[in-house]
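Here is the structure we will look at, set down as structure tokens.
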2 protein chains.
Amino acid sequence: MDTAPNGIGSMLWMPLVKRVRQPFLGQWALPGGGLRADHSLEQSAYAALESTTSLHPRYLEQLYTFGDPARSHGGLPMVSIVYWALVGGADAQTEPVEGNNVKWFPVDNLPELAFDHRAIIDYALSRLRGKIEYPQVVTRLVGERFTLSQLHDVYEAVTGEAIDLANFRRKMLSSGQLEDTGEKLRVGRNRPAAVYRYVQSALRQFSSWDYSVNQSNHGSHATGNDVLAALTTV
Amino acid sequence: MDTAPNGIGSMLWMPLVKRVRQPFLGQWALPGGGLRADHSLEQSAYAALESTTSLHPRYLEQLYTFGDPARSHGGLPMVSIVYWALVGGADAQTEPVEGNNVKWFPVDNLPELAFDHRAIIDYALSRLRGKIEYPQVVTRLVGERFTLSQLHDVYEAVTGEAIDLANFRRKMLSSGQLEDTGEKLRVGRNRPAAVYRYVQSALRQFSSWDYSVNQSNHGSHATGNDVLAALTTV
DNA sequence: CCAAAAGTGTTCTGTCTACACCCATGG
DNA sequence: CCATGGGTGTAGACAGAACACTTTTGG
């Protein structure tokens, strides 16, 4: 995939779905699906995303709940509960098989969107930027084990701006949250880089209901160059 | 009201309601109410809080939506949409009239709570701490016009720790977000303090759906010593 | 003049930034 | 031996913490 204009190596991408009914027929929109009585909200969101995009996200978090009376038709107010997901580089290798109605877009070049989905995406991105410091979050994007360069690429993709690699590396290492696995990873013909992971205590240190679901991980390594995210509505 | 143990002058308080039915009969819980078809979620939350506690909050924000299948009875999953409110010192003067089933508690000394309401409160507090920098938020607690000492008290109450007043004052003034109103406020027989307000641009600078509702304000001044917050469920 | 809160100055320390530099590797 | 990314050193700018100090007021 492409490289971003400014000195940034990686890019955030997300899948959109072309609407097949009114309103906004033919426009791009966030993937979505219905609520299921015997499932948690997270499970319903996961299913909605999976069925429309074939993604198996490793991170799923509730974003916001919308309940505008203008959307209601008669009885109860219509409520949309929006989730967002992160998909790591490893999963991505199998994904970009785009279905007929699904297409991946870089977040800095999105098409016109249906409803208020553009605003939802902007809000999700600001939340993501605020949380990128959390190991639980960044791990979903870069994988369990990673080099400092890979971690650096994810930070740049998420923040959208260039970060000095030398300073980044020092900051990360001095945080005490990373440990050297002893492994080396060679990219191309260059000097092999040390492979790190977050220490257990860093991964555990979070309190809220975020990061609750889908802790299953398939032992994958981050190798791709791009960073993927998805939003879904229930 | 009391003074906190450590050098902190003000305290965060919140209202709880004693449950009058099963489950958790007799236990303390967050105020709550039902959803209304012809109202937005915010309006419903506002109504729920108002009817149980007689509060007219000046700040209302969506916290999280719960939808555990374990809560369901048959049909659709039962969903709770939690909002939180901030109530400034001025409003407070009329409030602490506690109804039979409503009582105010300092957040560092809450009773046993029904359901998972304790966890909800903890999450709300961490969110509040993260947002206390935003003029839109702090203004709801301290009022439109305030002295630097009052602002300082709010910061201490919310963060729960002592903050050096001299440094605090410099930081605030150098931020460029405050402007001197020219007014003076005398407390007791001491030197009068300058009264400040946030500049318009600072109050406008926010993006998300938070801070959307209930912009009505009754031109009140913060004079009380305590800071109040409320959570409600819909 | 005293107490108490308002408000100012100064020093110290740690963190962020920019950028020069050295190291390891395969071709 | 050279190009490329991995990795280290260092000097200046800046922001926060600690705390001594001065000012204004009513009693």
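Quick note on labels: first sequence line is chain A, next is B, and so on, each numbered from 1. Bear in mind the structure is a predicted one, so any value in this text is a computation, not a measurement.
By the ring pair (Phe, Tyr, Trp, His ring centres under 6.0 Å) test, A:Tyr155 is found to be paired with A:Phe168, residues two or more places apart in sequence or in another chain being considered. Qualifying salt bridge (charged side-chain N to carboxylate O under 4.0 Å, His left out) partners for B:Arg197, counting only residues two or more places apart in sequence or in other chains: B:Glu179. By the side-chain contact (heavy atoms from CB on, under 4.5 Å) test, B:Asn109 is found to be paired with B:Pro106, residues two or more places apart in sequence or in another chain being considered. Every residue meeting the side-chain contact (heavy atoms from CB on, under 4.5 Å) condition with A:Thr147, not counting sequence neighbours, appears here in chain and number order: A:Ser149, A:Gln150, A:Leu185, A:Ala193, A:Val195. Not a single ring pair (Phe, Tyr, Trp, His ring centres under 6.0 Å) links B:Tyr196 to another residue, sequence neighbours left out.
Comparing A:Arg186 and A:Asp164, the nucleotide of DNA chain C nearest to each residue sits closer to the 5' end for A:Asp164.
Nucleotide D:dA17 holds its C1' atom 13 Å from the NE2 atom of B:His152, rounded to whole Å. If you take CG of B:Leu185 and C1' of D:dT25, they are 13 Å apart, rounded to a whole angstrom.
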Do nucleotides 1-9 of chain D as a string where each nucleotide becomes B, S or -: B if the base has a protein heavy atom under 4.0 Å, S if just the sugar-phosphate does, - if no protein is that close. ---BBBSBB
